[in-house]
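Read the structure below first, then the notes.
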2 protein chains.
Amino acid sequence: MATIYDVARQAGVSAATVSRVVNGRASVDAALTARVQQAMRDLDYRPNALARNLRRQRTSIWAVIISDIGNPFFTSMVRGVEDVAQGAGYSVVLCNSDEDPAKEARYVAAALAEQMAGVIISSTGKPANVNRLIEAGTPVVAIDREVRGAAVDSVLVDNEHGAELAVEQLIAAGYQRIACISGPRRLPTAQQRQRGWAKALRAHRRPATDDLVRYGDFRQEGGYQAMAALLDEGEQPDAVFVANNLMTVGAMECLVDRGIPVPDRMGVVGFDDIPWAHLVRPSLSTVVQPTYELGRTAALLLAERIAEPTRPPSTVTLRTELKVRESSARSAAS
Amino acid sequence: MATIYDVARQAGVSAATVSRVVNGRASVDAALTARVQQAMRDLDYRPNALARNLRRQRTSIWAVIISDIGNPFFTSMVRGVEDVAQGAGYSVVLCNSDEDPAKEARYVAAALAEQMAGVIISSTGKPANVNRLIEAGTPVVAIDREVRGAAVDSVLVDNEHGAELAVEQLIAAGYQRIACISGPRRLPTAQQRQRGWAKALRAHRRPATDDLVRYGDFRQEGGYQAMAALLDEGEQPDAVFVANNLMTVGAMECLVDRGIPVPDRMGVVGFDDIPWAHLVRPSLSTVVQPTYELGRTAALLLAERIAEPTRPPSTVTLRTELKVRESSARSAAS
DNA sequence: CTGTTAGCGCTTTCAA
DNA sequence: TTGAAAGCGCTAACAG
């Protein structure tokens, strides 16, 4: 690999001049600029970002640490981040923590060691990881999941309200015993959605007892098992609110396997959409989150924090919306 | 951020000794080691990877450049890569080229500038990008998509054979005019799958003419449009082989919208599975790829190439398997 | 406008 | 076993 000195020699100038040309700096003589550019082409010169970053004490890469790359939720979120990042001159790399705090810790350590310019993180729930970033002075924005015990810019959605909407709809459709498949207890999103479920039920004087709740892992398999548990353990719900998209798919799968017709014998509403929700039969009613906007907003916030590191952290909460499809619209009352 | 010199001062040793401790090097006196470790803890010292990498002339990060993070195909592939990488002491970052050669070029440039230890790439089809890596001496492995015009380690699947299996099954089920929704013309995977379709048809003396082929973009929307075109332009196929998973979903969507019953009036087989293929009604028959294994194998190949940079490139081809579900199993002959 | 010089933080000879 | 010193490739003062 050619270095800046090779280029300098070839062009008959100093390394500083090459550096100026590379960085489009102030008035370098046109003739020299041309010579340098020619030399760079001849030598196929590529600046070594490692050296540059070391010297500058900053990089131009953002890390997005997501908790499950298998969740389509993140697909469009990442696009939102990328679009903003690119406009602001940053590259984005994705790190998949797979809901594993240890894996997340490794990526946080890497982001720190590599002096990443900023981090957007959908936390697995360990505030320690986020705090490590903050203490080291790395600009960071929490996305999707609030991080308790860390003063950090955050972009969230109104989880509780979205869950209420979902349950209200099930109630309006005439369902009586509405269960909840919640997520990992440590995750605020799961807690908030479960709380929304309970709140809506209580508002209508319906039971919102523990035996109507099961906890999954936010994966398809977890949804399947939670649904099975609900069915097997004699609670006899006639509807279920599922706190995340992948688990909703799993729950549906279970219902299909058991031959329980949806929505007639079981109403289903899930939190967060899936791109093919309407292809599934019956099509899935879901609480839709503005995923792209979530990513965009987080990126904007990150850019602002980088520009102004000392300003107090802010939280943006985006609205969710209920999309009623077939799975929650019973044709006949029970 | 504390530097190695801060630690050295605090522990009353030289920076070299700290470095030795950090890197677990040869015999450093036990007492000194203890003092250094204490100092590191006191100062919350984290080695600066930029400086280290600059000095060592290598990093411990692999970049995986994928063409569409929205495709579940990549989810499990990435897990395969991560599992091997971690065992070998590397971190993995994901870059989403979004099927855009320009975006891909940017990530290749970044990988080069950041002196990434290796790259696994599902190419958008521009050999130039891959060649840039090879010429710069960066270890690289092509995954899923062969790169023509580049001598590179590759992990592929038997696309042509998988497509043949799919079409054979449609023929066996009694379908007569079997269309093909192929992918971007520039992509070898699309070409190979289309070729497999044609080969199977010819083997049975069936027409495999151009008017039975439409080209999508490997996205859901493209599949929808291609299906619509097939329907609207008077070809009247009674079955369709779709060259990728997302497009299969789009095609199904179109069929639902048009009220065309699958598999009775239209048989469908797609290439590459989706995690919820059996939830869709009718459930989707697909050619299944060993995605996790694909990732694993690519990672293994990359590790080997890093260890032995001069060995000739090798290509590993993995087998596909046909999973027959409802969408290709017509109950009554036409 | 251009070149000289001094590091960024780390590792690695080379001596002691 | 330990330390001093050089230098990875680049940028940013500072002179000229």
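What's counted below: heavy atoms across the whole structure, side chains too, no hydrogens, waters or symmetry copies. Chain identifiers are assigned alphabetically (A, B, ...) following the order of the sequence lines, protein sequences preceding nucleic acid strands; residue numbering begins at 1 within each chain.
- N53(A) comes within 4.0 angstrom of no nucleic acid atom, judged by non-hydrogen atoms across all strands.
- Contact check on R79(B) versus D68(A) returns a salt bridge, with a Lys/Arg side-chain nitrogen under 4.0 Å from an Asp/Glu carboxylate oxygen.
- Listed by first and then second residue, the ring pair (Phe, Tyr, Trp, His ring centres under 6.0 Å) pairs that reach into residues 8-60 of chain B come to none, sequence neighbours excluded.
- If you check every strand for non-hydrogen atoms under 4.0 Å, L32(B) touches sugar and phosphate atoms only.
- In terms of position on DNA chain D, the residue among V28(B) and R55(B) whose nearest nucleotide sits closer to the 5' end is V28(B).
- The CE atom of M1(B) sits 13 Å away from the C1' atom of dC8(C) (whole-angstrom rounding).
- With sequence neighbours excluded, the residues that form a salt bridge (Lys or Arg N to Asp or Glu O under 4.0 Å) with E304(B) are R311(B).
- Closest-nucleotide positions on DNA chain C for D29(A) and Y5(A) were compared, and the one nearer the 5' end corresponds to D29(A).
- A sub-4.0 Å separation between OP1 or OP2 of dT11(C) and a side-chain N or O of R25(B) is absent.
- Contact annotation: R52(B) side-chain N/O to dT11(C) OP1/OP2 distance is under 4.0 Å.
- Heavy atoms of V22(B) sit nowhere under 4.0 angstrom from any nucleic acid atom.
- For DNA chain C, the neighbouring residues in residues 13-21 of chain A, judged by any heavy atom under 4.0 Å, are V13(A), S14(A), A16(A), T17(A), R20(A).
- Qualifying salt bridge (Lys or Arg N to Asp or Glu O under 4.0 Å) partners for R46(A), counting only residues two or more places apart in sequence or in other chains: D44(A).
- The phosphate of dG9(C) has OP1 or OP2 within less than 4.0 Å of a side-chain N or O from Q57(A).
- Sequence neighbours left out, the pairs with a member in residues 85-122 of chain B that pass ring pair (Phe, Tyr, Trp, His ring centres under 6.0 Å) are W62(B)-Y90(B).
- In terms of the salt bridge (Lys or Arg N to Asp or Glu O under 4.0 Å) criterion, residue partners of R148(A) (sequence neighbours excluded) are, by chain and number, E146(A).
- Straight-line distance from the CG atom of D6(B) to the P atom of dC8(C): 11 Å, rounded to whole Å.
- At whole-Å resolution of the value, CG in L50(A) and P in dT11(C) are 13 Å apart.
- Scanning for side-chain hydrogen bond (donor to acceptor under 3.5 Å, both in side chains) contacts around D42(A) gives Q10(A), Q38(A), with sequence neighbours left out.
- For R20(A) and D29(A), the salt-bridge test fails: no basic side-chain N is under 4.0 Å from an acidic carboxylate O.
- Take E293(A) and apply the side chain to side chain contact (heavy atoms under 4.5 Å, CB included) test, not counting sequence neighbours, and it matches P290(A), R296(A), T297(A), L318(A).
- Interface limits on DNA chain D: the 5'-most and 3'-most nucleotides within less than 4.0 Å of chain B heavy atoms are dT1(D) to dG9(D).
- In this structure, CG of L54(A) is placed 14 Å from P of dG7(C), rounded to the nearest angstrom.
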